[in-house]
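Chain A is the first sequence line, chain B the second, and so forth, proteins listed ahead of strands; every chain is numbered from 1.
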Amino acid sequence: MSQAHKTRHSDAASARPDVAGCPARKWDTPRLHRSKARPARAMVAGRVGGPGPGGRALRGDGPALRGRWWQAVCRHAILARPPVGDQESCNHRRGIMSGSVRVRFAPSPTGYLHIGGVRTALFNWLFARHHGGTFILRIEDTDEKRSVTGAADDLMSSLRWVGITWDEGPDIGGPHGPYVQSERHAAGIYRPFVERLLASGHAYKSFVSEDELSQARAQADAERRPFRYRGPERDWTAEQVAAREATGAPYTVRLKVPLEGRTRFHDLVRGGDGIEIDHTNLYDIVLLKSSGMPVYHLAHLVDDHLMQVTHVLRSDEWVPSTPYHVLLYQAFGWRPPVFAHLPPILRQDGRGKLSKRFDDVAANRFWERGYLPDAMFNYLALQGWSYDDHTEIMTRDEVVARFGIERVQPSPARWNPDKLLDMNGIYIRALAPAALIAAITPFLVHAGLLEDPPTAEQQALLLLVAPLIHERLKELGEAPGLLEFFMREVAPHGSDAPLTYDPQQLIPRKLDAATTAAALAAVGARLATLDTWSVAALEEALRGLCATLDLKPGPLFGMVRVAVTGRTVAPPLFETLAALGRERTLSRVAAAHAALA
RNA sequence: GGCCCCAUCGUCUAGCGGCCUAGGACGUCACCCUCUCAAGGUGAAGAUCGCGGGUUCGAAUCCCGCUGGGGUCACCA
């Protein structure tokens with residue numbers, strides 16, 4: 001696993017961090033390696049099948065093969081059993097095989113996109129790319145009250161940042177546009193479908209007011225019984241409805257859910273016999289608000305049908321409302337898509353879903369926190385999906401080639417920032433030197449350590465200094481703190497106070513101020529006369545001084561480190577001195593010496 | 001509360017009836033390397049596979065019950 005990965009993020013490459021305000025970076029081919037990792041038997045390309053069920057990854061030769069093969073067959077048998085009939089189900093299979101898989105990510109623009117949303121988008125994207133299908137982005141903004149202006153743009157840049165690109169979407173259009181529901185509503189797309197349901201008796205106009213509803217709900221709560229609204233209007237005659245409508249009373253359109261029976265649907269992630277719900281647990285959901293705007297249940301379904309979506313991969317929380325959707329498909333006489341409900345990502349403390357209140361998970365903030373998109377991509381791919389028992393670091397292409405719903409777990413994952421951080425470190429270390437400099441420069445500029453753009457002199461310094469912190473970085477945002485003393489004559493940790501010394505730090509353990517001062521004076525004298533200011537010469541000189549002063553390297557180098565950097569933790573000493581230059585080194589050593597007087 | 005889903009080390013996971021005295025990774029700890037910190041190396045601790053019943057010659061793997069956790073019950077998505 002130590003050789004370079006040659007192919008990376010094919011179609012995502014050009015869409016890299018062009019996030020608003022996000023610096024463009026140069027993405028060299030990283031050398032991903034971690035010597036601890038095994039030679040990865042799973043990396044053998046032959047194990048990864050081509051697209052389609054027949055060619056899916058049938059890994060694990062030997063006894064496991066049969067099991068996996070059967071599982072694959074069974075999963076597809078599930079596809080073959082949707083409620084509409086054999087002809088239709090064959091289409092499903094054909095769909096996957098012929099590469100006509102169509103999936104979508106359909107967020108609502110109610111604010112920032114969080115990491116769980118990105119994961120849902122990612123799995124859809126991976127599914128589409130793996131099967132050579134189409135990935136659609138659709139904005140579901142049918143909630144006038146909650147929609148936030150600018151949220152859609154923000155959300156798109158979050159997706160682009162991790163390298164998720166769409167084939168059809170609001171900004172690029174496509175054969176089934178527009179891709180924003182409010183625009184589709186304005187275009188009158190949904191109305192005919194409501195009329196159709198009304199005409200066929202699958203839906204009805206409901207005249208209850210919101211007040212009446214909340215009252216009824218409150219009463220049901222008080223009586224500790226479930227509230228499941230079934231409008232009395234569901235049995236009204238056409239005349240009754242017309243009469244009421246003539247009064248100008250506002251109404252909603254509700255789905256007339258059958259009072260009896262059960263509805264079943266299959267789920268690719270869970271498998272088994274599917275999920276079945278008794279109609280007595282359902283109610284007559286609103287399809288059309290009194291404002292005339294369709295509700296999610298109706299809008300998404302009409303759009304999925306019109307956009308010929310074949311597979312719905314969405315978050316777990318939609319399971320309870322899926323029966324309504326199935327009923328709606330039946331009412332329209334349409335073939336439902338294949339459902340796959342993705343496990344949620346739980347909060348770090350495990351209590352509930354991810355939320356901004358408890359974890360810092362706004363997707364659009366990760367780049368500014370110093371995360372690499374590749375690291376995020378890799379981490380997120382592993383939240384609920386795995387390849388085998390040991391392969392974790394994978395390029396985009398590898399994940400695309402290996403991804404499959406069969407290996408998506410039904411059980412929840414938990415947000416694990418430590419793991420992400422570790423991966424980020426791995427990806428940072430894999431950056432080529434030039435890529436590292438490009439990656440950290442915006443952070444240094446932001447911290448006021450570099451001009452924007454950096455001067456030639458600053459660029460030269462970066463070239464010298466960036467490699468010193470390369471393997472010490474886990475977040476790019478740590479760069480300013482680590483490099484600050486190269487660029488400013490100030491105290492560490494962002495303070496504007498001049499460089500000052502804490503004698504406690506300056507004086508090594510078991511030494512006193514006088515000895516330390518004497519040693520620093522000797523260091524100053526020696527370095528002042530050094531012939532060549534190079535790493536090798538510096539090391540030779542300082543090691544020589546150890547003998548002269550009868551000090552061990554630890555204490556001597558330690559005090560010089562504090563003198564020169566103002567801190568006890570810093571990059572390797574000789575490289576640091578070499579980069580800092582003779583003049584600044586000597587003046588700081590002198591200043592430290594003075595501080596001990 | 002009703003309904004639904006889920007259940008392997010602290011966390012992410014491997015496991016598809018015998019390859020399991022349960023494998024890997026993160027995190028933790030120790031040691032090595034070493035001018036500090038990292039990185040790297042070696043090793044350790046850490047899971048009676050939530051509990052209880054079955055089925056089976058054999059179960060982490062299949063079935064049932066329980067418990068626990070999560071989701072959902074809007075003119076929000």
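- The residue A:N416 sits close to a base: some heavy atom pair falls under 4.0 Å.
- The nucleotide whose nearest atom lies closest to any side-chain atom of A:K419 is, among B:G27, B:C6, B:C12, B:C12.
- Taking only side-chain nitrogens and oxygens, A:R472 never comes nearer than 4.0 Å to OP1 or OP2 of B:U36.
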Nucleotide N/O to protein N/O under 3.5 Å, stretch nucleotides 64-68 of chain B:
none

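- Atom P of nucleotide B:A25 and atom CE of A:M394 are separated by 14 Å, given to the nearest angstrom.
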B/S/- contact track for nucleotides 70-77 of chain B, protein heavy atom under 4.0 Å: SBS-SBBB

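- Closest approach to the A:P410 side chain among B:C6, B:C35, B:C16 is made by B:C6 (side chain taken as heavy atoms from C-beta onward).
- Residue-level contact check: A:P555 touches neither bases nor backbone, having no heavy atom under 4.0 Å from any strand.
- Among the heavy atoms of the strands lying under 4.0 Å from A:S386 are primed sugar atoms or P, OP1, OP2 only; no base atom is included.
- Using the Watson-Crick or G-U wobble rule with both distances under 3.5 Å, B:G2 pairs with B:U72.
- With 3.5 Å as the limit, one finds no donor-acceptor pair spanning the side chains of A:Y112 and A:D154.
- Atom C1' of B:G50 sits at a distance of 14 Å from the matching atom of B:C9, rounded to the whole Å.
- Of the listed nucleotides (B:G24, B:C35, B:A39), B:C35 has the atom at the smallest distance from the side chain of A:F574.
- Among the heavy atoms of the strands lying under 4.0 Å from A:Q383 are primed sugar atoms or P, OP1, OP2 only; no base atom is included.
- Between A:L506 and A:A563 the shortest heavy-atom distance is CD1-N, 3.7 Å.
- Using a 4.0 Å cut-off between charged nitrogen and carboxylate oxygen, A:R414 and A:D349 do not count as a salt-bridge pair.
- Closest-nucleotide positions on RNA chain B for A:W385 and A:R543 were compared, and the one nearer the 5' end corresponds to A:W385.
- Using a 4.5 Å cut-off on side-chain heavy atoms (C-beta onward), A:F265 and A:V319 make contact.
- Put simply, the residue from A:R119, A:E392, A:M423 that forms a side-chain contact (heavy atoms from CB on, under 4.5 Å) with A:Y379 is A:M423.
- A:D303 has a carboxylate O that lies under 4.0 Å from a charged side-chain N of A:R184, or vice versa, which qualifies the two as a salt bridge.
- A sub-4.0 Å separation between OP1 or OP2 of B:A39 and a side-chain N or O of A:K474 is present.
- Of the candidates B:C26, B:A39, B:C35, B:C35 carries the atom nearest the A:L573 side chain, counting heavy atoms from C-beta on.
- Considering only side-chain N and O atoms, A:R225 lies nowhere under 4.0 angstrom from the phosphate OP1 or OP2 of B:G2.
- Using Watson-Crick or G-U wobble geometry with both donor-acceptor distances under 3.5 Å, B:A25 finds its partner in B:U11.
- Here B:U36 sits opposite no nucleotide as a Watson-Crick or G-U wobble pair (both hydrogen-bonding atom distances under 3.5 Å).
- Note on A:P572: a base of the nucleic acid sits closer than 4.0 angstrom, heavy atoms only.
- Across the protein-nucleic acid pair, A:H390 atom NE2 and B:G24 atom C1' stand 8 Å apart, rounded to whole Å.
- Checked by atom type, the side-chain pair A:H341/A:D267 shows a donor-acceptor distance below 3.5 Å.
- Taking atom P in both B:A45 and B:A22, the straight-line distance is 12 Å, to the nearest Å.
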Report all interatomic pairs (protein N or O, nucleotide N or O of nucleotides 52-56 of chain B) with separations under 3.5 Å.
none

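- Among the protein residues, A:A413 comes within range of the sugar-phosphate backbone only, with heavy atoms under 4.0 Å from sugar or phosphate atoms but none that close to a base.
- A salt bridge is absent between A:E210 and A:R217; no separation between the charged side-chain nitrogens and carboxylate oxygens falls under 4.0 Å.
- In the model, A:D211 has no side-chain atom that pairs as donor or acceptor with a side-chain atom of A:S209 under 3.5 Å.
- The nucleotide whose nearest atom lies closest to any side-chain atom of A:R407 is, among B:U11, B:C16, B:C35, B:C16.
- Nearer to the 5' terminus of RNA chain B, by closest-nucleotide assignment, is the contact made by A:G384 (compared with the other of A:R561 and A:G384).
- Look at A:R270 and you won't find any side-chain N or O under 4.0 angstrom from OP1 or OP2 of B:C5.
- Spacing between B:G18 and B:U13 at atom C1', rounded to whole Å, works out to 23 Å.
- Taking atom CD1 of A:I277 as the reference point, atom P of B:C3 lies 11 Å away to the nearest angstrom.
- B:G43 and B:C26 are spaced 14 Å apart, taking the P atom of each and rounding to whole Å.
- To the nearest angstrom, C1' of B:U36 lies 13 Å from CG of A:L482.
- If you take atom C1' in B:C19 and the same atom in B:A77, they sit 48 Å apart, rounded to whole Å.
- Atom pair A:N378:CG and B:C12:C1' shows a separation of 13 Å (rounding to whole Å applied).
- Judged purely by distance below 3.5 Å, without hydrogens or angles, the side chains of A:Q219 and A:Q215 never pair a donor atom with an acceptor atom.
- Cation-pi contact between A:R402 and A:Y387: present, with separation from the ring centre below 6.0 Å and deviation from the ring axis of at most 45°.
- If you take atom P in B:G68 and the same atom in B:A25, they sit 35 Å apart, rounded to whole Å.
- Side-chain atoms of A:R230 and A:S206 form no donor-acceptor pair, as typed in the model, at a separation below 3.5 Å.
- Following rounding to the nearest Å, A:E392 (CD) and B:U11 (C1') show an atom-to-atom distance of 12 Å.
- Per the geometry, OH belonging to A:Y387 stands 19 Å off P belonging to B:G24, to the nearest Å.
- When the P atom is used for both B:U11 and B:G70, the distance is 14 Å, rounded to whole Å.
- Of the charged side-chain nitrogens involved, none lies within less than 4.0 Å of a carboxylate oxygen, so that A:E478 and A:R472 do not count as a salt-bridged pair.
- For the residue pair A:V564 and A:L580, the shortest heavy atom distance occurs at CG1-CD2, 3.3 Å.
- A:I275 comes within 4.0 angstrom of the backbone, heavy atoms only, and of no base.
- Rounded to whole angstrom, the span from the CZ atom of A:R414 across to the P atom of B:A7 amounts to 15 Å.
- Checking B:U42 for Watson-Crick or G-U wobble geometry (two distances, each under 3.5 Å) identifies B:A30 as its partner.
- Between the side chains of A:E475 and A:Y371, at least one donor-acceptor pair of N or O atoms lies under 3.5 Å.
- Nucleic acid contact class of A:Q409 (heavy atoms, under 4.0 Å, all strands): sugar-phosphate only.
- Note on A:G425: nothing from the nucleic acid sits closer than 4.0 angstrom, heavy atoms only.
- Base pairing of B:C51: its partner is B:G65, meeting the Watson-Crick or G-U wobble criterion (both donor-acceptor distances under 3.5 Å).
- Here A:D143 does not pair with A:K145 in a salt bridge; the nearest charged N to carboxylate O distance is not below 4.0 Å.
- Nucleotides B:G24 and B:A14 have their P atoms positioned 15 Å apart, rounded to a whole Å.
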